[in-house]
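Chain letters run A, B, ... following the sequence lines, proteins first, then strands; residues in each count from 1.
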Amino acid sequence: MTTLTLSGRIKRIRYRNDDNSYTIAELVTDDTGVTIIVVGILAGIGLEDRLRLTGSWEKHTRFGDQFRITEYDMIFPETGEEIRTYLKRLGVKSLSNAKIRTLVERFGSETLEVIETTPEKVTGLKGFGKVTVENLREALTRQMEVKRLISFLKEHGIPVVHCAQIHKCYGTKAAERISGNPFDLLKDVPTIDFSTVDQAASALGIAEDDPRRLRACLLFALGQFASEGHVFAPRGDLLSRCMEKHHIEHEPLSEALSELKTQGHISAETLTKEGETIHAIYPKELFLAEQGIARRLAMMLSMPEEAPPVSRDEILETVLTKLAIKPSEEQLVTLEEILCHRVAVITGGPGTGKTTLVRSIAALCDHLRHETVMAAPTGRAARRITEVTGKKASTIHKLLKFDFKTGAFEHNRDKPLEGDVFIIDEVSMVDTLLMHRFLDAVPVDATVVFVGDIFQLPSVGPGNVLSDLIDSGRLKTYALTRIFRQAQESPIIMNAHRVRKGEFPDFEAKKESGLSEFYFIETGDPVKVMERVVELCTNRIPTTWDYNPLEDIQVLTPMHKGDVGTISLNNALQKALNAKGDAIESLGRTFRKGDKVMHLKNNYEKDVFNGDIGIISDVDKKEKTLEVDYEGRKVAYETEELDELTLAYAISVHKSQGSEYPAVVVPVTTQHYALLQRNLLYTAMTRGKELVILIGTRRAMEIALANNRPKLRLSYLDQRLAETP
DNA sequence: CCACTCCA
């Protein structure tokens, strides 16, 4: 790949991501006048802008040649004509072409500078009113602002990707604010990291032992611990992380930590965990949340328990008539007890009857005329409960009325939710902060039932909330371990339970009743694994088991990149399964009629949710729009909305959480070492209802089984709840 | 060194 430099003029912008300024544009080159496609981060540029680009040519199999930008510079308008074009594009209403010509004739190459710095010179000209000049100056300043900001960022080594966010946050004052305290960027621009800001700070002449630097370093490292799932960091680990990475001495760092505590940014707690003393450093917010959860639950638990509201016979009859299901003895006991508790937990793996229990509780609440509120952490999980119970459920965010602008929730302690019984499903996905906000908004005298499977993937945010609630021993927990008879004959479910315990799956387990099958194909080389996956999906599975490759088979993989990542697998599977037909391109992907796709963002208007999978039923090549069929429901997508879609022949294991498929194919190779975890393997294989095929190496399987990472998430909620009176 | 939610 050779790096080259070229210059030209932006003719058309085909795509622009406003968050990170990723742009695909057409550029007319100065040398040859040929139009080329340029791709990359281009902040603050517009039509007709002239640029000098550094980068290299890429040959894309479908889109042909495109120039990938690594570095760019704005060429400011210099010649009379360039300046005229530039001013025209500003679009100031009362500024006619004739006036623009007058301006450029009068001030020449200095026109722009004059307008900005000494507008009174322009007002002095005949025919230029005060308002026109002011509008012109404003429009120009706004344009130049971003361009100047970009130069400033480049000068200080801050990547231009952050430009849009910095400008949005600081506006006109950006350079001034950054020069004043570059470390503020860390709290104002969430995507930027300490090393980048540190480099800028050093360029700005900020001393290495500046307390602001040390505090920022600590807070950033603490944030990293949180993004790894920890609610707090052990003091020693936190300090050494900063010391090693950024060459800071222990003494001043320790002082900075004390300052952070005084300023109220962190909490320092001395905890005892398994006989060991830990000096725990919490981000203040997480400490308040953890403490809040414990206190709130303790308060709810202090309310007197109620007597069973209905007799066992009545329960039996209600469930029988409403659901046409005869509950087991164990389920009857649970149903009888559960509404007496203030807070209870139902947990269990697949096949243990969690869903039946939730449906029964909902039916029972209905029968008792309790006001029942149901919610889940994701849109799709919420819709699933709606489907199984026939009652409206929403995301927890929606329930609490999350305000997009302020980032706050409308419902809280001062404005509690209304309802008697709250059922929250998929609680394993709820993190510390959200749990706190939910509990804060629940009436103290309400009944809360948490439902979830602690062996699934841990929440994205920090904490082990569901496990901790159970481990505290304070909440009545119904751990459903009995696997129903039908499920007992299923090698998939039996192996899922082996994996839960960290045991190697038993591939000898033969199906006895034709319920399900479970296979392991040993293949070492990742490329071979990829080819094998394609072969299985296109030939082997459809012919042997009569599954439809699109509707019945789902490939699940831990990551996006690499030979066995979703991108590579999707390309290969698309080629093998759906190579012909009308296609449109969007952001480097090809969508073709007949493709299997997944929707990526909750869209209440369209009634499609993050994780919904459908088939492209129609493609309009001219308009660049398409239509997706979600199990019979057709949803239309405009060109700009195509970024909400992705190919879904292969999807990430994370995305599959909460869904089930007749057959799943799961690559397990050491190429995704970092993601080889027991929960991931467990989640992947429990998505399959009838057929599960794992492909990879025994070694990768063993690594995954041995890695019980969620157990290593640091939190104190379990003990805190146990200790809170 | 990787994955991911919510937000109209």
Side-chain angles (χ1 to χ4, degrees), chain A residues 19 190-191 193 224-229 245 289 375-384 393-411 424-438 441 452 456-466 526 556-569 598-612 640-641 644 646 650-659 666-684 700 703-704 707 709-710 712-713:
Chain A
D19 288 336
T191 49
D193 76 338
Q224 280 186 320
F225 273 92
S227 69
E228 289 157 25
K245 238 184 145 184
T378 67
R380 233 153 44 89
R383 191 168 62 181
R384 222 207 54 223
S394 63
T395 64
I396 300 175
H397 280 81
K398 250 186 114 121
L399 178 68
L400 302 181
K401 300 221 173 92
F402 182 81
D403 185 336
F404 187 50
K405 280 186 207 100
T406 61
F409 291 92
E410 199 183 306
H411 285 291
I424 310 296
D425 198 7
E426 299 281 9
V427 181
S428 61
M429 291 195 258
V430 178
D431 65 21
T432 307
L433 289 176
L434 189 60
M435 179 55 84
H436 179 228
R437 281 164 188 157
F438 167 71
Q456 286 210 28
L457 298 169
S459 57
V460 173
N464 269 318
V465 178
L466 182 61
L556 303 176
T557 172
M559 44 185 229
H560 294 307
K561 289 178 194 154
D563 298 314
V564 286
T566 57
I567 299 168
S568 143
L569 284 167
M598 179 166 61
H599 185 90
L600 295 170
K601 206 176 146 206
N602 288 357
N603 188 328
Y604 292 87
E605 224 171 77
K606 284 187 175 4
D607 195 30
V608 277
F609 291 91
N610 184 356
D612 283 354
E640 316 79 73
E641 294 172 322
E644 293 182 13
T646 182
I651 65 172
S652 70
V653 177
H654 280 86
K655 281 281 184 202
S656 74
Q657 172 141 298
S659 301
V666 186
V668 187
T669 77
T670 40
Q671 218 181 46
H672 22 63
Y673 191 89
L675 280 166
L676 287 176
Q677 309 169 45
R678 197 190 294 176
N679 306 55
L680 202 78
L681 184 61
Y682 172 80
T683 304
I703 294 169
N707 181 357
R709 198 158 81 178
L712 305 174
R713 286 186 164 207

Atom-pair distance ([atom1] on [X]; [atom2] on [N]), nearest Å:
X	N	atom1	atom2	answer
A:Glu644	B:dC7	CD	P	13 Å
A:Gln657	B:dT5	CD	C1'	11 Å
A:Glu426	B:dC6	CD	P	12 Å
A:Glu228	B:dA3	CD	P	16 Å
A:Leu676	B:dA3	CG	C1'	13 Å
A:His599	B:dC6	NE2	P	10 Å
A:Asp425	B:dT5	CG	P	17 Å
A:Lys655	B:dC2	NZ	P	18 Å

**OP:** Please state whether the rings of A:His397 and A:Phe409 are parallel, tilted or perpendicular, taking 30° and 60° as the class boundaries.
**Re:**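 Geometry flag for A:Phe409 against A:His397: tilted rings.
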Is there a side-chain polar atom (N or O) of [X] under 4.0 Å from OP1 or OP2 of [N]?
X	N	answer
A:Thr395	B:dC7	yes
A:Ser652	B:dC4	yes
A:Asn603	B:dA8	no

Is [X] touching bases, backbone alone, or none of the nucleic acid, heavy atoms closer than 4.0 Å?
X	answer
A:Met429	nothing
A:Gly461	nothing
A:Asn610	sugar-phosphate

Given [options], which nucleotide is nearest the side-chain atoms of [X]?
X	options	answer
A:Phe402	B:dC6, B:dC2, B:dC7	B:dC7
A:Val460	B:dA3, B:dC4, B:dT5	B:dC4
A:His654	B:dC4, B:dC2, B:dC6	B:dC4

Write down the atom of [X], the atom of [Y], and the distance for their closest heavy-atom approach.
X	Y	value
A:Asp425	A:Pro377	O-CD, 3.1 Å
A:Ser652	A:Thr566	N-CG2, 3.6 Å
A:Ala700	A:Leu676	O-CD1, 3.8 Å

**OP:** Please list, chain by chain and in numerical order, all residues satisfying side-chain contact (heavy atoms from CB on, under 4.5 Å) with A:Leu433, sequence neighbours excluded.
**Re:**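 For A:Leu433 the side-chain contact (heavy atoms from CB on, under 4.5 Å) partners, ignoring immediate neighbours, are A:Glu285, A:Leu286, A:Ala289, A:Asp431, A:Arg437.
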**OP:** Nearest-nucleotide wise, let me know which of A:His560 and A:Tyr604 is further upstream toward the 5' end of DNA chain B.
**Re:**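 That would be A:His560.
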